[in-house]
Amino acid sequence: MHTFEVSCNIPPSVYRYLHDNLPNLVNVSQCVERTNYYSAKGVTQIELRIHEYFKYGVRLQKYFLILRCNPSIIMGDGKVFLLDMEKYTSAEVLAKLQKRIHEINEMRYVRLDKQPVSIFSANRADVAKDIRVDFPQLVIWLCNMSFPFKYHNMERKPIRKDRDMLYIESCCFSNGSREINIYHKFIELINNHKMIPSPEEERIQRTVRLEIQIRKRGIYNMKLQTKRSIKPFLEKDFCAEYLKKEIRSIFGTYRFVSRKKAVDIINNSQYKLYDKSVMLSIINMIHQFRGLYELEKSIDDVNINTPLQYGDLKTFRTRWLKKFYRLGISPVVLPDVLNIDEMPSIYELLTNN
């Protein structure tokens, strides 16, 4: 768990007091105000929000308090790494959150610290895991190159950066309910001008963070028995299984091999000569289009010419990509210039860390 956000409905009197007294409150829009004043306590952002709606022709308002929290800081474990979910139960994290709310004078004055944490509903939960690898930038590049088109209708998040640089720093795709963000932790700290602790620098340089930000709609869609409680997202087994399921669905379990090795595996397979030639062209086309996502997107677009042998998107996946998977390899290959013969799948890197 990296970050979570919870909200609760508050009375107008509580809203007015917090509006008048929370320090460093910044107006974001007509209905939203925020402060980061209590970040050191792990409550990285406090937001006041007004929701206006009409009922029977009358304009009404609801008032909300929203807390964005970093559970690692809440538990006193630091800012850089994720909460160690082996050390704490969800009940312990929620109890500490209640204590942090008590430590905020303005919250204590309106007795929010006396309310059970269960009054808060989850708006967002970031399920994440840090993996240690020898070539973090190569892992990020492989994620960018092998992300499929139309996975839950996700699109690449627009980031204003040179694509060659972006491909080795982060892989980010999102839709209205979730965002998948895989990034090199060391570069993320540098880009955000954050201090890198000297004793941890070597460890951070080898860290890739696999993170799925589940938004309110995504939490609704999960149809949990606990509905929008944050509690399940603070449980180690729940988060681990969710992350494994998603990473397997996105990237599969197929190892990455060098182009030379892929050619040897394909040529030594039992496939027909025609099939082998198409498979070799797919390897080249993925690199030419700078990733599986872009190639599949082009195949799906009738206005873009791609090799007729590939067929439509369904045919491309069921006939051609499956041939690679039956051989146990990804159609995304490692450039021979790297002199790396083989690498585990993203799924294997996750499960073995």
Check for a donor-acceptor pair, side chain of K157 on one end and backbone N or O of N175 on the other, with a separation under 3.5 Å.
no
Kindly assign one of parallel, tilted or perpendicular to the pair W141 and H287, based on the angle between their ring planes and the thresholds 30° and 60°.
tilted
Is the ring pair F147/Y151 parallel, tilted or perpendicular, if the boundaries are 30 and 60 degrees?
perpendicular
Give a yes or no on whether the backbone of R255 and the side-chain of S345 come within a donor-acceptor separation of less than 3.5 Å.
no
Sidechain-backbone polar pair: N192 side chain, E188 backbone, donor-acceptor under 3.5 Å:
yes
Give a yes or no on whether the backbone of Y167 and the side-chain of N144 come within a donor-acceptor separation of less than 3.5 Å.
yes
Count I, L, V, M, F, W, Y as connected when their side-chain heavy atoms are under 4.5 Å apart, and connections chain through other members. Are F149 and L321 then in the same cluster?
yes
Applying ring-ring contact (aromatic ring centres under 6.0 Å, His included), run through Y53 and H51 and close with a yes or a no.
CA-CA 7 Å; Y53 63 102; H51 172 64; 5.7 Å; yes
Taking the six-membered ring of F81, is the NZ or CZ of R209 close enough (under 6.0 Å from the centre) and on axis enough (within 45°)?
no
For residues 322-331, which residue pairs qualify under salt bridge (charged side-chain N to carboxylate O under 4.0 Å, His left out), counting only residues two or more places apart or in two chains?
D275-K323
With E5 as reference, evaluate R49, K216, R68, R228 under the salt bridge (charged side-chain N to carboxylate O under 4.0 Å, His left out) test and give the passing residue.
R68
Is it true that T253 and R248 share a donor-acceptor pair across their side chains at a distance under 3.5 Å?
no
